[in-house]
Amino acid sequence: MLKKPKHFLSITDLSINEIWKILTLAKKLKSSPLSKYNKLLSNRTMVMIFEKPSLRTRLSFEIGMTQLGGHAIYLAPGDIKMGERESVADVAKVTSRMANIIMARVFEHSTIEELAANSSVPVINGLSNLEHPCQILADLMTIWEVKKKLEGLKIAYVGDCENNVTHSFALASKVLGFEFAAAGPRGYWMKSGILKKSGAIQGVYSEDTVRGANVVITDTWISMGDEKEKKERVTKLSSYQVNKKLMDIAKKDAIFMHCLPAYRGYEVTSEVIDGSQSVVFQEAENRLHSQKALILFLLDKLI
Ligand code: CP
Ligand code: NVA
């Protein structure tokens with residue numbers, strides 16, 4: 001019987017040991033000359049299906065495959081009209097007969113699950129409405145680089161909490177043993193199932209949430225797909241901006257993180273995101289290293 005492929009749809013698809021294996025390999029890849037690992041994936045192809053725009057996810061996967069000696073094919077939103085021109089299941093069946101690995105950025109989380117259920121090769125969630133697990137791998141790597149540990153840290157998230165980044169972070173906290181607390185207005189809280197499963201803390205007061213935090217995180221108030229609610233969201237979330245006053249409540253050496261793209265003047269001020277506590281570009285670069293490690297893990301090519 002054919003071996004079932006490993007998929008990465010949720011951060012909970014990885015055990016604590018697997019996360020540390022991937023982060024350790026990511027660190028090794030980051031510090032090694034590119035020429036050392038540039039043949040590991042020769043003749044291997046990743047197909048990248050995008051239902052939404054992207055800068056970091058596309059770049060990091062495509063460049064990552066190139067650096068490992070493989071190739072990536074970009075299917076832009078509208079190219080294959082998945083679910084419209086043909087079913088999600090048929091897309092997965094056809095693609096997995098040719099490609100070695102699939103990455104997809106989708107609206108509905110059920111779409112990525114359907115792709116995985118019908119694929120004979122690993123499927124990676126490059127963002128769904130529910131989770132953004134690749135982002136969290138890069139974030140964990142960044143926090144580990146700066147703080148030298150993950151366990152025992154307090155990570156505070158402020159803003160729109162019913163959000164893919166927040167959900168994946170909350171779930172990661174349970175696996176890795178750090179505290180995750182989120183603050184946002186009622187109606188913009190983490191999904192109750194995720195909140196329960198993760199043991200994270202959800203509240204309305206930014207100050208209480210951020211007090212004593214080692215890491216302060218936010219994300220856009222208007223995620224892809226929420227554009228029609230812009231006016232309402234800006235009104236309801238306006239008191240949840242990460243600004244200097246809020247950062248000053250966190251630990252003195254707290255870092256600021258944001259998955260990007262950022263909307264300065266909304267969820268974060270320029271002063272904070274462009275200031276000395278911000279690690280957002282290190283975080284963005286780590287998408288590349290952590291995902292190269294993830295691909296090698298999923299393809300059973302751990303070195
Ligand atoms: N952080 C992130 O996923 O960025 P993109 O939407 O540009 O891929
Ligand atoms: N929460 C954001 C993340 C963008 C990388 C969104 O879904 O649009």
Side-chain angles (χ1 to χ4, degrees), residues 8-11 26 46 48-65 72 74-77 102-112 124-143 155 157-172 180 182-185 187-191 194 215 217-230 233-234 236-237 240-242 256-264 266-268 273 278-292 294-295:
F8 184 55
L9 310 188
S10 164
I11 192 73
M46 167 180 275
M48 309 188 294
I49 301 168
F50 282 88
E51 290 186 339
K52 300 176 178 180
S54 167
L55 174 66
R56 281 143 291 270
T57 304
R58 181 194 173 170
L59 289 184
S60 50
F61 276 111
E62 192 162 334
I63 293 170
M65 283 301 289
Y74 171 65
L75 298 174
I102 298 171
M103 189 281 298
R105 165 167 286 193
V106 297
F107 281 95
E108 301 305 325
H109 193 73
S110 56
T111 305
I112 197 87
I124 298 173
N125 178 3
L127 180 149
S128 69
N129 282 4
L130 194 65
E131 275 207 56
H132 196 357
C134 294
Q135 182 65 50
I136 273 31
L137 275 185
D139 289 6
L140 295 175
M141 178 178 178
T142 311
I143 298 168
I155 300 188
Y157 177 98
V158 175
D160 173 21
C161 306
E162 197 189 356
N163 169 298
N164 35 29
V165 171
T166 326
H167 287 156
S168 293
F169 242 118
L171 293 168
F180 185 75
Y188 296 87
W189 282 12
M190 280 182 267
K191 286 204 182 299
I194 294 205
V215 180
I217 307 182
T218 189
D219 186 13
T220 179
W221 293 337
I222 302 126
S223 282
M224 292 177 276
D226 293 336
E227 292 81 2
K228 278 201 278 310
E229 299 168 16
K230 181 170 178 184
R233 284 177 165 267
V234 169
K236 293 205 173 132
L237 286 152
Y240 289 87
Q241 183 185 66
V242 178
F256 171 75
M257 300 180 75
H258 190 310
C259 65
L260 305 178
Y263 300 89
R264 289 166 170 77
Y266 288 91
E267 75 271 11
V268 61
I273 195 168
S278 173
V279 295
V280 297
F281 297 112
Q282 179 178 344
E283 180 184 1
E285 179 192 327
N286 283 339
R287 292 290 303 277
L288 172 67
H289 310 297
S290 55
Q291 286 162 200
K292 281 167 73 178
L294 172 70
I295 295 166

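The structure presented is a predicted model; accordingly, all values stated were derived computationally and were not measured. Start at 1 and go down the list; that is how both ligands and their atoms are numbered. Computed over heavy atoms, backbone and side chain alike; hydrogens, waters and symmetry mates excluded.
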May I ask you to check if ligand 2 and Asp219 share an N or O to N or O distance below 3.5 Å?
yes
I need the Ile11 CD1 to Ile136 CD1 distance, nearest 0.5 Å.
7.0 Å
Per-residue contact class, Thr57 against ligand 2 - non-hydrogen pairs under 4.0 Å:
neither
For ligand 1, run through the N/O pairs with the protein that fall under 3.5 Å and put one pair on each line.
unit_1, atom_1, unit_2, atom_2, d
ligand 1, 1 (N), Gln135, OE1, 3.0
ligand 1, 1 (N), Cys259, O, 2.9
ligand 1, 1 (N), Leu260, O, 2.9
ligand 1, 1 (N), Arg287, NH1, 3.4
ligand 1, 3 (O), Thr57, OG1, 3.1
ligand 1, 3 (O), Arg105, NH2, 2.9
ligand 1, 3 (O), His132, NE2, 2.9
ligand 1, 3 (O), Arg287, NH1, 3.0
ligand 1, 4 (O), Arg56, NE, 2.8
ligand 1, 4 (O), Leu260, O, 3.4
ligand 1, 6 (O), Arg105, NH1, 2.7
ligand 1, 6 (O), Arg105, NH2, 3.4
ligand 1, 7 (O), Leu55, N, 2.6
ligand 1, 7 (O), Arg56, N, 3.0
ligand 1, 7 (O), Arg56, NE, 3.3
ligand 1, 7 (O), Arg56, NH2, 3.0
ligand 1, 8 (O), Ser54, OG, 2.7
ligand 1, 8 (O), Arg56, N, 3.4
ligand 1, 8 (O), Thr57, N, 2.8
ligand 1, 8 (O), Thr57, OG1, 2.7
ligand 1, 8 (O), Arg105, NH1, 3.4
ligand 1, 8 (O), Arg105, NH2, 3.2

Hey, could you give me the CE/CD distance between Met65 and Gln291, rounded to the nearest 0.5 Å?
12.0 Å
Quick one: CG on Leu127 to CZ on Phe50, what's the gap to the nearest 0.5 Å?
9.5 Å
For ligand 2, is there an N or O atom under 3.5 Å from any N or O atom of Leu127?
no
Please confirm whether the backbone N or O of Val158 pairs with a side-chain atom of Thr218, one donor and one acceptor, at under 3.5 Å?
yes
So is Leu260 close enough to ligand 2, meaning a heavy atom under 4.0 angstrom away?
yes
Checking heavy-atom distances from atom 2 (C) of ligand 2 to each of Cys259, Ser223, Gly159, the winner is Ser223
With heavy-atom distances below 4.5 Å as the criterion, would you say the side chains of Glu162 and Thr166 are in contact?
no
For Arg233 and Trp221, indicate whether the former's side chain and the latter's backbone hold a donor-acceptor pair under 3.5 Å.
yes
For atom 8 (O) of ligand 2, grab the closest protein heavy atom and report residue, atom and distance to one decimal in Å.
Met224 N, 2.8 Å
Does any non-hydrogen side-chain atom of Glu51 lie less than 4.5 Å from one of Thr111?
yes
Does ligand 2 have a heavy atom under 4.0 Å from the side chain of Asn129, from its backbone, from both, or from neither?
neither
Using a plain distance cutoff, I'd like to know if Arg105 has any nitrogen or oxygen under 3.5 Å from a nitrogen or oxygen of ligand 2.
no
Glu283 (side chain) donor-acceptor with His258 (main chain) under 3.5 angstrom:
yes
Gap separating the OH atom of Tyr157 from the CG atom of Asp219, nearest 0.5 angstrom:
4.5 Å
Around atom 7 (O) of ligand 2, find the nearest protein heavy atom and jot down its residue, atom name and distance.
Asn164 ND2, 2.9 Å
Strictly distance-based, threshold 3.5 Å: is any side-chain N or O of Asn125 a donor or acceptor partner for the main-chain N or O of Ser10?
no
